[in-house]
Every structure is written in C-alpha cells, then in structure tokens.
Amino acid sequence: MRCDEIRQDRTDPSFRVTNNKHRMDDEDLAAILTSTSTDATTTSRAQLDEKHSQKSDLASSFLSTLSDDSLIDYITNNNDGNPSPAPTVTTTTEPEYTRGDYFHEKKARQDEQDQLLREQYRTNLGAEPPQIFQNCIIYINGYTVPGRLQLHEMIVLHGGKFLHHLSAKKKVTHIIASNLPLKKRLEFQNYKVVKPDWIVQSIAQGKLLPWQDFALLTNLDERQKKLPLLLPKKQDSKTIVDCNDPNFISSYFQNSRLHHLSTWKSDLRAKFLNEMDFTRTIEKTDPLTIFHFDFDCFFATVAYMYKDPQLKCDMDVDPIVVCHGNKNSDIASCNYVARKYGIKNGMWVSQAEKLCPANVKLITLPYNFEQFAKKSEIFYNVLKDSNFFDLILPMSIDEAICVMVLDPMSNREKLETICRDIRAKVFTETKGCSISVGCADSLILARLNLKKSKPNGAFILNSNELDSDFLNEFKPDDLPGVGYSIVSKLREKFSTSNLTLQDLKNESTLISLQDCVGQKLGLKIHLALQGKDDEESSKLIYDPESILERKSLSLEINWGVRFNEINQVDTFIDRCCQYLHEKLNDLEKLTPQITLKIMKRAPDAPIEPAKYLGMGRCVPFNKSSRLGTPTNELGIIATEVKSLYRIIGCPPNEVRGVSIQFNKLCSPSINQQPALKLPFVKLNAPPNNIQDKTNHEFKKRKISLETPTMRLISPPKKFDILTSFEEKFIENLPTQIGEELKKDLRIKKKIQQTKRKEIEEEITKRQDLVKNYKSHFFSENSLFEPIKFQNISNFKKISQMIMEWVDGTLREGGPHERDVKLFEKYLIRLCDSNRVHLVLRLSNLISNKLNVCPRRDNEERGFQEWERILMKLMVPILNRNKHTFQTVRKLDIDYDL
DNA sequence: AGTTCTCTCCAG
DNA sequence: CATCGCTGGAGAGAACT
Ligand SMILES: Nc1ccn([C@H]2C[C@H](O)[C@@H](COP(=O)(O)OP(=O)(O)OP(=O)(O)O)O2)c(=O)n1
C-alpha cells in the first residue's frame, strides 16, 4: 500500500495530497480522512527583468550598461557620497576571455577590496592595525565560529592573505577550521590546521601566537588513522541534536541516506561528463541493445555483509531492513523476505513490524555508507573493464544503464553470456552482492525485464516478443514516471480493480491516456505499452550530456529544524548558504536566481510530530528572487535568502524545513565582464542629474515611480506610518502570542509589494549588510563598558541630546548623513551590548516627536527624513536584535519602576 | 504565440 | 533514547510579453 503525507494549504482549510511513498503516521491518517485537493496560492514573483537592461537604444548612457543589481549598487554608493574608485578603462570586448580569467579577475578584485578595507580602517581609526599575519596565506574550511566573513576581515586587516579556494597549485600556510570530518583530517594532515581562536587571540594580544597552541589536529595519531571505520560510531561525547548546532549540516548529511543518494548521483554524473571524450556517440540508425543493471536490495545486502557478527540473522529467512531507529524511522532498503510480507523501501519501521506475522521478528541493521560507496565503485569498474559496452550511463549509486551497438534479436546467446559474466564478476568482486539485469532493444523493456529478473536474475525480451502474458505481470507503477499520484488518476479513469499493464493496454487509447495524465506522460505510457521509448527517454542514449549535465543546485533540510528566534533562522540560513556557496564555487558557476522554500507546520498538525525531530505535516511556502546579475558572492546570496525569509513571514517556531535553490546556473561569461570595466564617465555629474538618470533607468526598466502605493518615503499621513511602525514593531516582539491573524495580514501585504518597494528594500538590505558586517567586528570590545555617544555616557543625557538634535533637524530638512551614521553606530553598539531596550526607548521618543510636532508645509522634508530613519534604520535594528530584547526588557521595566 | 515562473510529481 | 524526511529534473498550467 502506498501512503502519503497531507499538507494543509495556505488559503484553504482543506488539504492537498503530496506523494511521499509508503509513509504514514497517525496524524497523517486523520488528515487523509478529511482531504480534498486544492491549489496553492502563488507568491508574487521577483520582477526585475534583465531584458530591459539590454535595450540597445540606451547604449549611450553609462547607467544603461548596468544590470539592475549594479544600478542599485551605484545608487547606494551615490547616496553614501562614496563614489566607487575609477576603474580601468577597457571598452573593447575580448573574445578570449575565459572562465579562468574570470576567477583570476575575481581574485584581483578581491585583493583590491581587501586593500580598500585596510585603508578604510586606517582612516577610521587613524592607525594601521598591527600586521600580525604578514606572511600568512590562510584558507578557511567549512563552518567556523566566528564566521567566515568576520575571519576574512580580521585576517586581511592584520596583513594576512585570504584564500577563497584551496587548490593544489596554490600555496597556503594555514587552514582555519572549527571542526573537520575524518576524511578532511587525513587530507589536511600535512597542513597547519588551526582553530579560529588562533586568529582571535593573536589579534587580541597583538602578536602572532604559535599556531601549535591552537592546532586542531593534535589528536590525529596512528590509532585514529587505523580506525576510521570505528570512529563514526563513537562520535563526540556531545551529540548534535538540532539545526542550531554549528556542525548540524555536516553531521546530518553524514547520516542522511537521501543526501548520500543525491550526492553520489551527481558525482557519478560529473564523472561521466568528464570522461565523455572517450565514449562513442550513438547514432539513431545504430541497432541497440540496452542492459539495465541494479543491485538487489542494495543497502540491505551490503549492511548484512558488514553487520555486527554478534547479531544472528539470515538473509534468506528473516525480514531485514536498513534504518536508523526502531519506530518512526524510514526503511531505506529491505530484503526480499521482508518484501514477501508487503514491506517496502521508504516505509516506517513501525508499519513494517505490523506487516510481519506474529512469530516473525523484523531485523534492523544500521547504515554503512562507506561500504555502499565501495561496492558501487567495484560495480562500475566491472562494467567499465568488461569492455562490452559503448556507453555506461550512471543512474544511481547501485544502478546503471549500459548500451551496446548490436542487434539484440540476432545475438541472443551473446546477450546471455554478457549478462551472466557481468553478474558473476560483480558477485565475486564485491564478495557477495548480487545484481540483476534486464536486457532488451528499448530502455523501457530493459527496465521491465530488470523488474522481472529480480532478485538475482537476468531477463531478456525484445519488443517483437512482447505479449499479453508479459504485460500482465506488471502494475502501472512499474512504469517509470508513474507513481502514487498518477496511479490514482489511472485507477479513477480506467479500472477500479488491480490494473495490470495489459489491462491498461486493452482499455486505453493514446487520447484517453493523454486526457488522464497529460500530453507527454500519456504518450510515454502509450509507447511503453508497445515496448517503445518516448523521445525524451531516448535522449539519454543519443545526447547523454544534455540529460546528465547539471542545471541547478539546491539544498533541502526537513529534519532537525527547530527555531525559537529569528536570529537562529538567520544563522542557519547563513550556514546553508555557506554550504551552497562552496558547491557553487567548486562548480565555477554563477546563479541568477534564488528560491527559498520554507516548510511551515500545518496549523492543525501537532507541535512535535511522530517522527523525532521530523517535519510532520507541513505547508510549503516558496519565494524566488531573480538577481539583477548572476552572482557567486556569499554575502549577496545570504542576504537575499534572509530577505526572502522575511518576505515569506513564517514565525521561527513554526519552521520545520528549509530549502534553498539556485534554479539556474551560468558560467561566468565574456559578455558580463567588460561591462564592469566601463569607465564611470558620469560619476561627477551633479546629484539632480543622477536622480534624473536613475529615474530614467527605472522607467526604462518598467519600474514605475508614480503609483501612490509605492511612495515609500512619504506615506499619505504621518498617523499611518506611526501605526504601521508600532504595529510592525509590536508584532515582532517575542511576547506576541497567537498573533496568526496579524501575520497573515502581513503576508498578504508583502505579496502586494511592488517593484519599487522591492528596489527600496534591496537598497536598504545592502546597506544593512555592510553596516552589520562592520559594526559586528568593530564593536566587540564594548560589551560591558558604558556606551558613550558624543563622549557622554549617561543615557538620559544622551537621549536628551538626541531629541534636541531631532527637534532641530526636523526644521532643517533632516539630519546630516554623517551624523546619522554616528547615531546608527551608537544604536548598534547599544544592541551589541545587550541594550536593545534603550534603542526601543529612543525609537518611541522619536516616533512620539514626529506624531506630536506640528508639521508645516515647507518642513515636509525633515519629517520625511526622520520617518525614513525610523522605519529604515531603527526598526530594522530592533528587528535584527529583538532576540536579545526579551531578557533585557524585564530589567528595563524594573528599572523604570 | 512564445517565454517565464510556479507548482506538482517522480526516482532512488 | 528517539532520528538523520535529499535533490535534481520533467512537465503542466498560469502569468507574463
Ligand atoms: N525510498 C528509498 C529508496 C531507495 N533508497 C536507497 C536504498 C536502496 O538500497 C537504494 C537503491 O534503491 P532501489 O530502488 O534499487 O531498491 P533496492 O536496491 O533496495 O531494492 P531492489 O532494487 O532490489 O528493488 O537506494 C532509499 O534509501 N530510500
């Protein structure tokens, strides 16, 4: 029986069915009883459209050469009064510009930025920081505390060189890591691997401390090298419980079978593409024989071979499954005895136990990922070394499709020999893993034959031999592309009883199939019933590259995800982005589009689901964003995702899953690079001029400035902005309980956001990022000292002074930018020293002031400026730091009393 | 009418 | 103790140009 998980829709109290096979817990069961199907609401899409930036009639304007992203950059810089440095002038395109050049240039740009950072620091503090790390070339591996960004800044400020990527060619003097998996430990054993504290302490003491005192690998002795197999079991004394642990992602992935399956698959695909040059291209006119090989109950077989010898069980007698737990744990693989009782891969152990007869005990075995990988490698080597095949297409860790240019009809005996040889060879070389093989003149029949051959067999049948007896042995979901949902559609349309493929063939026509399951799949099934492949499937043989090449990159974690505060979400998102960023750079790719999916606990699902730390029944929320220009910058990516999370607006304690996707990938192209090198001709033009031009650009890009709802800076009434300020703040307070309605309101509002609003947010976001980044680093020492502002340390006096400043500048068209910067710095220092409540107090004072002060016509500007500071500077600071607010607020109240 | 985006489904 | 519910791709239909 196939089961599924039901998720509640966002807008409709009824339910939607999704297909997660063989899985059901009691909560789901209850939900199924009330289920109907509905569509999900769609969130508004990101609307910056690259096309508009490419219009040729704008070629004369510098601004028109900028992507949306760069345009925003440009405006941001201009607002800061911080024009970018004049770039080198190169206007001609260079056709030889290669990917390597790109990364080379990127490094050069990075070096420039590092230099700039040092200069800024010098200007700000009037002194050169001690060049502690003068001759160090440092690489940071994986997740660290403090984070990569901070360490990077610390290193370059103090004279070190920072390596973004580690490669054999590059020299590296030190590797920083907080933690290393055993594999990496061995890989790095000849490097100086140090804990991040080495950086922190060296800076604190103003001198380069001996790295040995901070070595991470002191414990890597002979004993450990010899016992890599035993180590994973022992683990550290501290077990990693949920996603707030800095090492959660790697520890989780190390144990996730689905993660392993996915990464193995993509590795195999990459390997195939790498070795493509040596494989023969198959022509449509070639006569073909297809072999479909697959291990029998792969994980179960291998786990059984390496089981604890104390555990007595028999593969041919006992039902055996591979899983982590013993109740609500997924079964990755079950042996054929277990299948006899109706147990299937993907089921929960508890359900499998119910299927076993009373006197039969279900045996559970742990995973052995290392051996799974080894057996697979042997399998692929046997296929390759046999030299039988013209093409070896990896389907998964335990499954490959092999193609021979050979007429299968007239070479029957040869086919039988090949099947026998390969199966025997794999069995001996793996020391006991049986594989099965289906062989035919089409992909689909090879697959059906494989199914029929299992376990431990071979079956050959070509399309000219196809008959009703054969088709009667299969069910619809034996066809590729037919799963839970399609089966139920077919059942509804064709037959209620147990439908075999022969039944389906008898009862269906091409049209009726297409009517039932759609054009493409309908045709695919129709052809399959005649033993023929559809066009899309055949591509795998004739154009494997197009099928096996990577088109996207993503990460998804729906286990162990539990948050209390938004800061934890942000931190987790940062770590996810760091993970993806590494992959993206390994691929040497950029992404122009990012999607965030949040799994939110379904309103009526229990807070804790049946499965320990599982996601339970959830509602998915998707939001995607098209970046103005493709990027591989961690900062941009992480900021974007965190911003998407805020747009989705799911309370942290309701989040059960996080998924981040780079929907498209592109290579750094020649076209992009020269654009960045264009001279900043108009840089010194007067502000009005710039304003006109940016407006012009907005217009050209169909980003309207006229719509009233977009007038962010001057809302219709000051009363409105104050309520919305208060509402916004109140609703974000940790004390809020059961404010679902308000949240929904907020989500709806967000959905109505316009392009202009999105751009405004983009600008703020970036400024926030920079500020956040800097302030965090520079304010570290101030935690327990009185926070001074303008050399006053008494808060009451400070707030008096600030209010006078507000009062005065309200009538003068707003405060000076530089003063605002100082003010902001002060606010951030307050937050960083756990004094968010004081920021709140200042916010309230200013908000009251704006509300109470009589507003004269010619003073509109000053009010607007202060409203902007309130909304765009102070509220974000409060939001960013509200996690520290709850504890301090008590003190604040006590203090006030 | 073609293109892009969002959502669903599937496989292993 | 529980438990490790990933990831990439195809296709349909809606929403755009
Ligand atoms: N829901 C699933 C399906 C599969 N797998 C893993 C374990 C399987 O051993 C391996 C290969 O999957 P198969 O579909 O080939 O299934 P088996 O090899 O277990 O059995 P068989 O191929 O004999 O039917 O992938 C998993 O972890 N979870």
Side-chain angles (χ1 to χ4, degrees), chain A residues 4-5 16-21 23 25 37 39-47 49-52 239-243 248-249 251-266 269 294-295 298-299 323-330 332-333 345-346 348-349 366-367 395-399 477 479-487 489 517-522 524 534 536-537 539 546-561 593 595 597 599 608-618 620 622-624 626 656-657 659-664 702:
Chain A
D4 51 331
E5 204 154 86
R16 183 155 34 107
V17 183
T18 71
N19 99 308
N20 280 333
K21 294 179 188 174
R23 209 185 287 146
D25 48 44
S37 148
D39 288 331
T41 51
T42 54
T43 46
S44 71
R45 64 195 192 94
Q47 296 177 336
D49 192 334
E50 265 179 297
K51 264 198 267 179
H52 300 298
T239 45
I240 293 166
V241 276
D242 66 25
C243 65
F248 173 76
I249 296 178
S251 112
Y252 172 59
F253 280 171
Q254 270 175 41
N255 292 300
S256 163
R257 75 187 203 281
L258 293 174
H259 170 78
H260 276 98
L261 287 178
S262 299
T263 40
W264 281 328
K265 180 170 173 170
S266 73
R269 286 177 166 215
D294 184 316
F295 281 76
F298 182 50
F299 284 16
C323 53
H324 282 295
N326 45 35
K327 200 169 161 226
N328 303 320
S329 170
D330 277 27
S333 178
N345 292 358
W348 280 7
V349 175
Y367 293 84
M395 303 309 290
S396 78
I397 183 78
D398 80 323
E399 180 183 348
D477 52 347
L479 295 176
V482 178
Y484 175 83
S485 166
I486 303 294
V487 165
K489 282 183 186 172
V517 299
Q519 292 287 307
K520 288 280 179 78
L521 186 57
K524 185 185 164 96
D534 62 307
E536 183 63 32
S537 308
K539 260 198 209 161
S546 75
I547 299 290
L548 299 181
E549 76 178 348
R550 179 187 281 275
K551 290 141 200 137
S552 67
L553 175 65
S554 67
L555 156 156
E556 188 158 351
I557 299 183
N558 296 311
W559 188 88
V561 178
Q593 199 185 6
T595 302
K597 181 173 78 179
M599 291 308 230
E608 281 311 321
K611 187 195 278 289
Y612 173 66
L613 287 180
M615 68 192 295
R617 216 145 35 76
C618 282
N622 275 287
K623 177 76 190 167
S624 83
R626 179 175 273 256
R656 293 287 178 275
S659 152
I660 300 167
Q661 299 150 46
F662 300 156
N663 313 62
K664 277 204 193 84
K702 298 236 164 63

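Below, read A as the first sequence line, B as the second, and so on, with proteins coming before strands; counting in each chain starts at 1. This structure is a prediction, so every number in the text was calculated from the model and none was measured.
In this structure, Gly614(A) reaches the bases: a heavy-atom distance under 4.0 Å links it to at least one base atom across the strands shown. Arg269(A) comes within contact range of the sugar-phosphate backbone alone, with a heavy-atom separation under 4.0 Å but no base atom that close. Among the protein residues, Phe253(A) comes within range of the sugar-phosphate backbone only, with heavy atoms under 4.0 Å from sugar or phosphate atoms but none that close to a base. Within the 4.0 angstrom heavy-atom criterion, no nucleotide atom of any strand lies near Lys597(A). In this structure, Ile486(A) reaches the sugar-phosphate backbone alone: every heavy-atom distance under 4.0 Å involves primed, P, OP1 or OP2 atoms, never a base. Note on Gly518(A): only backbone sugar-phosphate atoms sit closer than 4.0 angstrom, heavy atoms only; bases stay farther off. The residue Lys265(A) sits apart from the nucleic acid: no heavy atom pair falls under 4.0 Å.
Checked for salt-bridge contact, Asp534(A) and Lys520(A) miss the test: no charged N lies under 4.0 Å from a carboxylate O. With respect to Arg269(A) and Glu549(A), no salt bridge is recorded, no charged nitrogen being found less than 4.0 Å from a carboxylate O.
OP1 or OP2 of dC5(B) has at least one side-chain nitrogen or oxygen of Lys664(A) nearer than 4.0 Å. Within the structure, a side-chain polar atom (N or O) of Asn326(A) is placed less than 4.0 Å from OP1 or OP2 of dA2(C). OP1 or OP2 of dT6(B) has at least one side-chain nitrogen or oxygen of Ser624(A) nearer than 4.0 Å. Within the 4.0 Å cut-off from OP1 or OP2 of dG5(C), at least one side-chain nitrogen or oxygen of Arg257(A) is found. The side chain of Ser485(A) contributes an N or O atom lying less than 4.0 Å from OP1 or OP2 of dC9(B). Residue Lys520(A) places at least one side-chain N or O under 4.0 Å from the OP1 or OP2 atom of dG11(C). Using a 4.0 Å cut-off, no side-chain N or O of Asn328(A) falls inside it from OP1 or OP2 of dA2(C). Taking only side-chain nitrogens and oxygens, Thr263(A) never comes nearer than 4.0 Å to OP1 or OP2 of dC6(C). OP1 or OP2 of dT7(C) has at least one side-chain nitrogen or oxygen of His259(A) nearer than 4.0 Å. The side chain of Asn663(A) contributes no N or O atom lying less than 4.0 Å from OP1 or OP2 of dC5(B). The phosphate of dG8(C) has OP1 or OP2 within less than 4.0 Å of a side-chain N or O from Arg550(A).
Rounded to whole angstrom, the span from the CG atom of Asp330(A) across to the P atom of dG12(B) amounts to 17 Å. The separation between Ile397(A) atom CD1 and dT7(C) atom C1' is 15 Å, rounded to whole Å. Regarding Trp264(A), its CH2 atom lies at a distance of 12 Å from the C1' atom of dC6(C), rounded to whole Å. For the pair Leu261(A) CG and dG9(C) C1', the interatomic distance rounds to 16 Å; values are reported in whole Å. If you measure from atom CD of Glu608(A) to atom C1' of dG5(C), you get 14 Å, rounded to the nearest angstrom. Counting to the nearest Å, the P atom of dA2(C) and the NE2 atom of His324(A) are 12 Å from each other. In this structure, CD of Gln661(A) is placed 9 Å from P of dG8(C), rounded to the nearest angstrom. Computed from coordinates, the Met395(A) CE to dG8(C) C1' distance equals 12 Å when rounded to whole Å.
Taking every side-chain heavy atom of Glu536(A) into account, dA10(C) is the closest of dG9(C), dA10(C), dT3(C). The side chain of Tyr252(A) sits closest to dC4(C) out of dG8(C), dC9(B), dC4(C). Each of dG5(C), dC7(B), dC5(B) was ranked by its minimum atom distance to the side chain of Leu258(A); first place goes to dG5(C). Among the nucleotides dG5(C), dC4(C), dG8(C), the one closest to any side-chain atom of Ser552(A) is dG8(C). Side-chain proximity of Tyr484(A) to dC10(B), dA12(C), dC6(C): nearest is dC10(B).
Between Tyr367(A) and Phe299(A), the angle of the ring planes goes over 60°, which puts this pair in the perpendicular group of the 30/60° scheme. Taking the six-membered ring where tryptophan is involved, the planes of His260(A) and Trp264(A) are tilted, since the angle between them lies from 30° to 60°.
With Trp348(A) contributing its side chain and Lys611(A) its backbone, the two residues share no donor-acceptor pair below 3.5 Å. Looking at His324(A), its side chain never comes within 3.5 Å of a backbone N or O of Ser256(A) through a donor-acceptor pair.
Toward the 5' end of DNA chain C, the nearer of the two residues His260(A) and Ile547(A), judged by each one's closest nucleotide, is His260(A). Each of Lys551(A) and Val241(A) lies near DNA chain C, and the nucleotide nearest Val241(A) is the one positioned closer to the 5' end.
Atom OG of Ser624(A) sits about 13.0 Å away from atom CZ of Phe662(A), to the nearest 0.5 Å.
Put simply, the side chain of Ser256(A) and the base of dC4(C) share no donor and acceptor less than 3.5 Å apart.
Two residues are said to be in side-chain contact when any heavy atoms from C-beta on lie closer than 4.5 Å; Lys524(A) and Ser537(A) meet this criterion.
By the 5.5 angstrom centroid cut-off and the 30-degree plane limit, Tyr612(A) is classified as stacked against the base of dA2(C).
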